[in-house]
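Read the structure below first, then the notes.
Atoms considered below: every heavy atom in the structure, side chains included; atoms not considered: hydrogens, waters and symmetry mates.
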Amino acid sequence: SADGQPLDVTLTDSPKGPVTSADVAFDKRLFYHDKYSFTLTYELPASRSDSLLVTPYYVFLPVLASGDEATVTVNSPADAGWEASLEAADCAQGAAPAPGQPATLTCSGQETPYVAALVEVSRPDARITVLFDVQLREKAVSVSLTYFPGEEAFAQHVKDLVQASLPVIEDLYGFPYPAAPSIRIAQGGRQVVLGYEGLTTCLADACDIVISPISDDYTVLHELAHLWSGIYARRWLSEGFAQVVAEDAAARLPAGLVRGQPPQRDPAAVALQLDEWGDVTSAVGAGEDELALQNAGYDRSLRFLYVLRFEAGADILRQVNAAIAKGGQPADSKRYLDALEETGGKTLDGLFAEWVFPSYYDSILESRREARSRADDLTRRASEEGLSDEVPAAIREDVDAWRFDEAIAGLDQAEEGMARLEDLKSDLSWLHTNAAAAGLTMPGDVDDALARWDFAGAGRIMQSARRALDSY
């Protein structure tokens, strides 16, 4: 009590989880509007659960509050070597405290407990590193795994997961491991992973994967799958494939190796076309609108990848990934759509209009469909007529670059030439017949001009030949 008297405390039966309730018996009767102050002190033993982790060198702790009004004060170590962070949850945080000073949160909530804030305290300089190799299709990669002391069992499990999953992930993507020869995996705090449960970055010499100590196996698999994400130039492709591959890899791995279940996200609460999902930003301190936008991106990218796999087939997706990797240029949404249709032969632009592109793309997609269809027809007719591929190739280059106005203008001109070709062929046949009857031969220049799509030049040559034949 505030007077220093001990109070009776009884722990109540609580559901399975990190929260235990306590009944506190006061030492006097209270009446309406009376106030009573007391302090409840307890120690957290070493613990690991979905939302609570306590080790000698790392603590992740949800701070709970209850009541219509509550003020929460959080003290964290100020000693050198310790890193501490606090992220407000259901309460408002006051001014940022000076290093080593307590943080204060003001809450107006409800009688049932709620999360006031998330506290994280760690000693990064105390971490331990182990080394091992993983053999993949074309190369062996060296892996370093860094973890907090006391997390040896977790580290061994992650090592087993990495060794077993990387070859499976490689097969699911459909092309050999493309990233750096060294992979550095480390436990790190929420500030390091921008408030997410994991973060992967790759440079030429090494890829760094930072995972929160409270991350589950599906997060580890998701971050490992990002080692293949360099072929994508859009976030939805990178995140969607990473999650699909993570879930597929978990299903392929030996029974019992992967713990837990795939994450269940809330359905998207905001409208989002996937091409408008921006770059990765920190979730630490983000507002509700930003968090809803990020959730929508993750939710819709995963659902759309499952739709694409159903429509195109898993093998087609692997072939497309392999083709993009071989080309060496990361694919944006437009290039990925092109590659899907070219590889699988199915028209999928309607799905991309529904899920990916902003509404102003509707007219662009109409032009795309027209240009692609007419270009295919022109290429076929040119081949049948023995014409060079130069003109169709230039038009296809515009189509592939999504320059559809230029492509359609080129098609108009080329198709006009093809229409004139029919008349030129009729005139040429007459000239060949009459020249042969007169014992003459037609100049070969005319066939060369026609093959080069120089229909005007071919016409001039034939006019000269007709005059020569008339004079003869």
Are Phe304 and Leu351 packed together at the side-chain level, in the sense that at least one heavy-atom pair is separated by less than 4.5 angstrom? yes
Donor-acceptor under 3.5 Å (Glu170 side chain, Tyr177 main chain): yes
Using side-chain contact (heavy atoms from CB on, under 4.5 Å), reason through Leu257 and Leu161 one step at a time and then give a plain yes or no. CA-CA 7 Å; Leu257 177 59; Leu161 192 60; 4.1 Å; yes
Sequence-distant partners of Gln319, side chain to side chain donor-acceptor pair (under 3.5 Å), two or more places apart: Asp315
How far does CD1 of Ile169 sit from CG of Leu253, to the nearest 0.5 angstrom? 8.0 Å
If every non-hydrogen atom of Ala353 is compared with every non-hydrogen atom of Gln273, which pair is closest and at what distance? O-NE2, 3.3 Å
Mark yes or no for whether Asn321, through its side chain, and Gly174, through its backbone, hold a donor-acceptor pair below 3.5 Å. no
Rounded to the nearest 0.5 Å, how far apart are CD1 of Ile128 and OG1 of Thr146? 9.5 Å
Is Val399 close to Phe404 at the side-chain level, that is, under 4.5 Å between some pair of heavy atoms? yes
Measuring only between side-chain heavy atoms, which start at C-beta, is Trp355 closer than 4.5 Å to Arg303? yes
Chi angles and distances behind the salt bridge (Lys or Arg N to Asp or Glu O under 4.0 Å) call for Glu342, Arg335: CA-CA 10 Å; Glu342 290 163 5; Arg335 177 61 191 129; 3.6 Å; yes
Please say whether more than 12 non-hydrogen atoms of neighbouring residues, nucleotides or ligands are located less than 6.0 Å from CG in Asp34. yes
Where do Gly297 and Leu274 come nearest, in terms of heavy atoms and distance? O-CD2, 4.0 Å
Restricting to side chain to side chain donor-acceptor pair (under 3.5 Å), what partner residues turn up for Asp400, sequence neighbours left out? none
Could you point out which residue of Thr200, Leu199, Val143, Thr201 forms a side chain to side chain contact (heavy atoms under 4.5 Å, CB included) with Ile209? Thr200
Test salt bridge (Lys or Arg N to Asp or Glu O under 4.0 Å) on Arg259 and Asp216; report intermediate values, then the result. CA-CA 8 Å; Arg259 302 168 183 169; Asp216 60 16; over 6 Å; no
Quick check: do Ser215 and Phe154 have side-chain heavy atoms less than 4.5 Å from each other? no
Residues at least two apart in sequence or cross-chain that pass ring-ring contact (aromatic ring centres under 6.0 Å, His included) with Phe38, listed by chain then number, are Phe26
Has Ser373 got a side-chain atom pairing as donor or acceptor with Arg369's backbone, closer than 3.5 angstrom? no
Donor-acceptor pair, distance only, cut-off 3.5 Å: does the side chain of Glu223 make one with the backbone of Ala242? no
For atom NZ of Lys139, is the number of surrounding heavy atoms from other residues, nucleotides or ligands below 6.0 Å larger than 12? yes
Which pair of non-hydrogen atoms, one from Tyr336 and one from Val320, has the smallest distance, and what is that distance? CE1-CG1, 3.5 Å
Backbone N or O of Asn295 within a donor-acceptor pair of the Asp266 side chain at under 3.5 Å? no
Less than 4.5 Å apart, any side-chain heavy atom of Phe132 and any of Val162? yes
Within a reach of under 6.0 Å around CD of Gln261, are more than 12 heavy atoms found that belong to other residues, nucleotides or ligands? no
Exceeds 12 heavy-atom contacts within 6.0 angstrom, atom CD of Gln163: yes
Should the heavy atoms of other residues, nucleotides or ligands under 6.0 Å from OH of Tyr57 be counted, would the total exceed 12? no
Heavy-atom distance under 4.5 Å between the side chains of His157 and Asp217, does that happen here? yes
Under a 3.5 Å cutoff, is there a donor and acceptor pairing between the side chains of Trp236 and Ser333? yes
Pairwise distance CD1(Ile408) to OG(Ser367) - rounded to 0.5 angstrom: 4.5 Å
Would you compute the distance between atom CG of Leu61 and atom CD of Glu120 and round it to the nearest 0.5 angstrom? 11.0 Å
Mark yes or no for whether Tyr173, through its side chain, and Ala225, through its backbone, hold a donor-acceptor pair below 3.5 Å. yes
Which residues share a ring-ring contact (aromatic ring centres under 6.0 Å, His included) with Tyr232, sequence neighbours left out: Phe241
Does Leu227 reach the side chain of Val141, with side-chain heavy atoms less than 4.5 Å apart? no
Do you see a donor-acceptor pair shorter than 3.5 Å between the side chains of Glu239 and His226? yes
Output, in order, the C-alpha distance, side-chain angles, deciding distance and verdict of salt bridge (Lys or Arg N to Asp or Glu O under 4.0 Å) for Asp248 and Arg309. CA-CA 12 Å; Asp248 288 351; Arg309 187 166 71 174; 2.4 Å; yes
Could you work out, with side chain to side chain donor-acceptor pair (under 3.5 Å) as the rule, every residue matching Thr104, not counting sequence neighbours? none
One pair to check against side-chain contact (heavy atoms from CB on, under 4.5 Å): Leu224 and Ile185. What are the steps and the verdict? CA-CA 9 Å; Leu224 291 173; Ile185 304 173; 4.2 Å; yes
Got a donor-acceptor contact below 3.5 angstrom from the Ser301 side chain to the Tyr298 backbone? yes
Look only at the side chain of Glu341 and the backbone of Asp349, and say whether a donor-acceptor pair between them is shorter than 3.5 Å. yes
Under a 4.5 Å cut-off applied to non-hydrogen side-chain atoms, are Val158 and Leu145 in contact? yes
Check: Gln5 main-chain N/O paired with Asp3 side-chain donor or acceptor under 3.5 Å: no
Between Arg184 and Asp208, is there a side-chain N and carboxylate O pair less than 4.0 Å apart? yes
Using the side chain to side chain contact (heavy atoms under 4.5 Å, CB included) criterion, which residues pair with Ala322? Sequence neighbours excluded. Phe175
For the pair Ser122 and Phe60, evaluate side-chain contact (heavy atoms from CB on, under 4.5 Å) and give the outcome as yes or no after the intermediate values. CA-CA 9 Å; Ser122 65; Phe60 179 83; over 6 Å; no
Atom CG of residue position Asp133 - does it have more than 12 heavy atoms of other residues, nucleotides or ligands inside 6.0 Å? yes
Can you check whether Trp277's main-chain N or O pairs, donor with acceptor, with Arg235's side chain at less than 3.5 Å? no
Nearest-0.5 Å distance that lies between atom CG in Leu337 and atom CZ in Phe357: 5.5 Å
When every non-hydrogen atom of Pro262 is compared with those of Glu247, the smallest separation belongs to CB-OE2, 3.8 Å
If you look at every heavy atom in Ala155 and Tyr147, which pair is closest and at what distance? CB-CD2, 3.4 Å
To the nearest 0.5 angstrom, please state how far the CG atom of Leu131 sits from the OG atom of Ser142. 8.0 Å
Ignoring hydrogens and geometry beyond distance, is a side-chain donor-acceptor pair present between Gln156 and Glu152 at under 3.5 Å? no
How far apart are the closest heavy atoms of Ala375 and Ile395, and which atoms are they? CB-CG2, 4.3 Å
